[in-house]
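Computed from a predicted structure; not experimentally measured. What you see below is based on every heavy atom in this structure, not just the backbone, and it leaves out hydrogens, waters and symmetry mates. Letters go in sequence order (proteins before strands), and every chain restarts at 1.
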Amino acid sequence: GAGVSQSPSNKVTEKGKDVELRCDPISGHTALYWYRQSLGQGLEFLIYFQGNSAPDKSGLPSDRFSAERTGGSVSTLTIQRTQQEDSAVYLCASSLALGWGGSSYNEQFFGPGTRLTVL
Amino acid sequence: GENVEQHPSTLSVQEGDSAVIKCTYSDSASNYFPWYKQELGKRPQLIIDIRSNVGEKKDQRIAVTLNKTAKHFSLHITETQPEDSAVYFCAASSSYGQNFVFGPGTRLSVLP
């Protein structure tokens with residue numbers, strides 16, 4: 001079946017512009033995560049959504065970052081007034097559920113990422 | 001909040017040798033510990049995971065051990081092969097998915 005998809009794959013923007021990144025999770029997955037990965041670095045948690053619960057926004061680095069998930073499926077990550085330090089690969093992941101049901105429940109399936117370059 | 005440390009940051013081994021990557025975590029409420037492998041230019045993929053009521057789990061050449069008292073867990077790869085070369089990330093979370101924190105990663109190079 002289809003995996004997690006993200007668009008665009010690459011985005012080049014000018015400093016100060018707003019950008020929107022899209023994530024289409026695997027159908028039926030209730031949990032959705034956004035991460036940021038700078039070149040050669042680890043995975044920085046940004047935000048996650050679980051079903052209809054309020055999202056955990058604890059990882060968002062500033063109020064320029066926001067995300068929403070419509071209808072429990074597609075999610076968009078918006079970065080306002082982009083800065084050069086926002087340049088990174090933004091990865092989205094989805095999983096079947098929270099709670100223990102074995103690896104099949106908790107395994108995060110990652111999308112291919114969006115490479116954002118802020119000039 | 002949770003903090004996950006990972007060592008070493010880089011590791012080179014000869015093909016056929018074993019590789020061990022160690023992680024420590026800070027939050028005693030963490031109960032789920034997955035390991036992800038990220039090959040160059042590709043997305044991370046789960047390779048093995050362990051939950052807090054198990055001390056060890058093995059899957060072919062890969063094993064993970066967990067010491068809850070010391071708050072550390074390790075990835076063991078035996079009989080390494082060149083295709084094992086990648087960046088490996090450990091992670092810890094509570095409630096089997098919430099508060100997900102990744103370690104900084106270990107770049108493993110398996111030399112032929």
Side-chain angles (χ1 to χ4, degrees), chain A residues 2-6 9-10 23-26 29-51 53-60 88-115, chain B residues 1-10 21 23 25 27 29-54 57-59 62 64 66 86-109:
Chain A
V4 178
S5 61
Q6 291 185 246
S9 56
N10 280 283
C23 172
D24 283 89
I26 293 173
H29 279 196
T30 62
L32 186 148
Y33 304 77
W34 281 98
Y35 297 93
R36 178 168 69 175
Q37 187 172 35
S38 300
L39 187 62
Q41 301 300 308
L43 296 163
E44 178 188 2
F45 165 77
L46 298 177
I47 187 171
Y48 94 88
F49 300 86
Q50 167 57 22
S53 302
D56 177 353
K57 304 179 181 180
S58 59
L60 295 178
V89 174
Y90 288 81
L91 288 162
C92 172
S94 70
S95 69
L96 188 58
L98 292 180
W100 185 252
S103 298
S104 62
Y105 270 53
N106 300 101
E107 177 177 358
Q108 292 189 27
F109 293 84
F110 284 82
T114 293
R115 182 175 299 279
Chain B
E2 175 65 276
N3 180 51
V4 177
E5 296 184 354
Q6 185 171 347
H7 300 281
S9 57
T10 60
I21 303 170
C23 288
Y25 61 99
D27 188 352
S30 290
N31 52 22
Y32 174 60
F33 308 93
W35 287 87
Y36 283 80
K37 175 183 179 183
Q38 186 175 30
E39 297 178 31
L40 187 62
K42 296 188 177 180
R43 67 194 79 179
Q45 290 189 304
L46 180 73
I47 55 171
I48 195 167
D49 57 14
I50 192 169
R51 53 178 168 159
S52 57
N53 61 348
V54 176
K57 183 177 179 180
K58 189 173 182 180
D59 183 4
I62 295 173
V64 58
L66 170 65
V87 178
Y88 291 81
F89 295 98
C90 63
S93 77
S94 60
S95 301
Y96 304 117
Q98 294 181 1
N99 306 316
F100 224 98
V101 177
F102 280 87
T106 295
R107 183 173 300 278
L108 172 65
S109 299

Side chain from CB out, backbone as N, CA, C, O: work out which of these in Glu44(A) comes under 4.5 Å of a heavy atom of chain B, or both, or neither.
neither
Considering only heavy atoms, which portion of Val4(A) lies under 4.5 Å from any heavy atom of chain B: side chain, backbone, both, or neither?
backbone
Distance (rounded to the nearest 0.5 Å) between Gln6(A) CD and Arg43(B) CZ:
8.0 Å
Using side-chain heavy atoms (C-beta onward) and a distance below 4.5 Å, is [X] in contact with [Y]?
| X | Y | result |
| --- | --- | --- |
| Gln45(B) | Glu107(A) | no |
| Tyr36(B) | Gln108(A) | yes |
| Leu43(A) | Pro104(B) | no |

Among residues at least two apart in sequence or on other chains, which ones pass side chain to side chain contact (heavy atoms under 4.5 Å, CB included) with Val87(B)?
Phe89(B), Arg107(B)
Checking Gln6(B) against chain A: side chain, backbone, both or neither under 4.5 Å from a heavy atom?
neither
